[in-house]
Every structure is written in C-alpha cells, then in structure tokens.
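Before any comments, here is the structure.
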Amino acid sequence: MKVSDPWTGLSLGVYYANSALEKISQYRQNAQPAESEALDNYEGECLFFRAFYWWHMLSLYAEPEMGGVGIPIVKSVPKDLESMYVSRETTGEGYAAIIGDLLSAEKLVTQTDPHRVTLWAVKAFRMLS
C-alpha cells in the first residue's frame, strides 16, 4: 500500500462531507419547516464524518506535538485552483477543529437509528479526541 492512498481517501471523505454541508445549507433556504430536524441530523452526520476523517489524517500524518505540523483544515468545497492550495495547520489546531465539529454535531443529531450516527456516537468520539 502506498503512503498516499490513505491521504487521498481521507481527503476525499472531507471533500464529500463539505459538499454535503454546502448542499444542506443551500437546501435549507427553501426547505419546509417539517424538514428541519432531518436536515439537522444530516448536517450533524456530515460534521461527525468530517471530524472522523480529520482525526485519521492527524493520526497518520501529523507530528505528535500540539505545535507540530498537522493537516490542512478544509471547511469548504474549493471553487477554483487557488482555493485548492491549503497549508497545513498545527496539530493542536487540527484537534480544535475536530472538537469544534463534534460539539456542533452534538447539538444537531437527535436520531436514534443504530445504523446511523447517533448522539452517543458523537459523544463517544469526542471523548477520544
């Protein structure tokens, strides 16, 4: 296995999470009030998975010191070539981004389906971070 394979896959996961978050935000503008809870759950799931991918990237590619070289923290879909060049943040900033996403997800996820992200999954993952 190449060293870049996990990086590519995890980066793709972050991209998909950001894409879904962007589309959820756009859809909310015209959504029916009855769809609010479902959209909140989807947004919370996306935040959970973005944190999940970042955590794995940090585990594999970041320096262990909080001030060391971490990973790029990409929170939006690149719109042009220039916005695709994102520098790596520190390891500490990476963990702060993960915890921020998980805290936001805790406020959004209310579903109890054991096959999807639940509030307890979010809380458990935050305890690991």
Side-chain angles (χ1 to χ4, degrees):
M1 178 198 312
K2 296 180 186 175
V3 173
S4 63
D5 287 348
W7 180 273
T8 302
L10 294 167
S11 296
L12 192 58
V14 171
Y15 171 80
Y16 287 148
N18 286 335
S19 295
L21 287 166
E22 187 176 282
K23 294 302 177 186
I24 290 167
S25 178
Q26 290 172 359
Y27 185 80
R28 275 189 196 275
Q29 296 172 4
N30 299 317
Q32 299 296 319
E35 296 176 300
S36 180
E37 185 177 350
L39 289 170
D40 286 348
N41 277 304
Y42 293 140
E43 183 177 346
E45 283 183 301
C46 291
L47 291 169
F48 173 89
F49 281 114
R50 185 170 70 181
F52 177 82
Y53 297 127
W54 282 340
W55 184 84
H56 282 286
M57 291 174 82
L58 277 171
S59 298
L60 293 170
Y61 301 104
E63 294 177 348
E65 303 83 26
M66 288 298 136
V69 176
I71 60 168
I73 302 299
V74 180
K75 292 188 175 186
S76 63
V77 177
K79 303 295 185 220
D80 56 29
L81 188 58
E82 281 299 312
S83 62
M84 292 180 72
Y85 295 105
V86 179
S87 61
R88 293 171 72 165
E89 304 291 341
T90 66
T91 299
E93 290 168 324
Y95 282 115
I98 290 168
I99 292 168
D101 272 6
L102 293 173
L103 289 171
S104 295
E106 278 185 29
K107 298 173 189 169
L108 296 167
V109 175
T110 58
Q111 64 199 4
T112 57
D113 181 345
H115 301 98
R116 299 185 69 97
V117 175
T118 64
L119 175 61
W120 291 106
V122 175
K123 287 183 179 203
F125 186 44
R126 188 170 54 87
M127 295 301 295
L128 291 174
S129 300

Review point. Are Ile98 and Trp120 connected in the hydrophobic side-chain network, where two residues link if heavy atoms are under 4.5 Å apart?
Key: no

Check your understanding: Do Leu102 and Ile71 belong to the same hydrophobic cluster, where Ile, Leu, Val, Met, Phe, Trp and Tyr are linked whenever their side-chain heavy atoms lie under 4.5 Å apart, directly or via other members?
Key -> yes

Exercise for review: Enter the distance from Ser87:OG to Ile73:CD1 here, rounded to the nearest 0.5 Å.
Suggested key: 10.0 Å

**Study point:** Exam field: side chain Asn18 to backbone Val74, donor-acceptor pair closer than 3.5 Å
**Key:** yes

Review point. So do Arg116 and Asn41 actually touch side chain to side chain, heavy atoms under 4.5 Å?
Key: no

Check your understanding: Leu103 versus Arg126: any side-chain heavy-atom pair under 4.5 Å?
Key -> yes

**Study point:** Hydrophobic cluster identity match, Leu81 and Val86, side-chain contacts under 4.5 Å
**Key:** no

Check your understanding: Would you call the rings of Phe52 and His56 parallel, tilted or perpendicular, where under 30° means parallel and over 60° means perpendicular?
Key -> perpendicular

**Study point:** Where Ala17 and Cys46 come nearest, the two heavy atoms and their spacing
**Key:** CB-O, 3.7 Å

Practice item. Could you pull out the closest heavy-atom pair between Val122 and Glu106, with the gap in Å? Key: CG1-CG, 3.5 Å

Review point. Any side-chain heavy-atom pair from Leu10 and Leu12 closer than 4.5 angstrom?
Key: no

Revision key, fill the gap. Between Leu60 and Pro6, the two heavy atoms sitting closest are CD1-CB, 3.9 Å

Check your understanding: Same hydrophobic cluster for Tyr61 and Val14, using side-chain heavy-atom links shorter than 4.5 Å among ILVMFWY?
Key -> yes

Review point. Cluster question for you: counting only ILVMFWY and a side-chain heavy-atom cut-off of under 4.5 Å, with indirect links fine, are Leu108 and Ile24 together?
Key: no

**Study point:** Contact check, side chains of Trp55 and Phe125, non-hydrogen atoms, under 4.5 Å
**Key:** yes

Point to revise | Exam field: side chain Glu63 to backbone Val69, donor-acceptor pair closer than 3.5 Å | key: yes

Check your understanding: So do the side chains of Leu39 and Tyr27 get within less than 4.5 Å of each other, counting heavy atoms only?
Key -> yes

Check your understanding: Trp7 and Pro72: which non-hydrogen atoms are nearest, and at how many Å?
Key -> CH2-CD, 3.4 Å

Review point. Any side-chain heavy atom of Thr90 within less than 4.5 Å of one from Met66?
Key: no

Review point. Mind checking whether Ser25 and Glu43 have side chains closer than 4.5 Å, heavy atoms only?
Key: no

Practice item. For Gln111 and Val117, indicate whether the former's side chain and the latter's backbone hold a donor-acceptor pair under 3.5 Å. Key: yes

**Study point:** Donor on one side chain, acceptor on other, Ser83 and Asp80, under 3.5 Å
**Key:** yes

Practice item. Would you indicate whether the side-chain heavy atoms of Tyr95 and Leu58 approach each other to under 4.5 Å? Key: yes

**Study point:** Among Lys79, Lys75, Arg28, the one residue meeting salt bridge (charged side-chain N to carboxylate O under 4.0 Å, His left out) with Glu22
**Key:** Lys79

Revision key, fill the gap. On a heavy-atom basis, the closest approach of Ser11 and Met57 is OG-CE, 3.5 Å

Review point. CD of Glu82: more than 12 outside heavy atoms within 6.0 angstrom?
Key: no

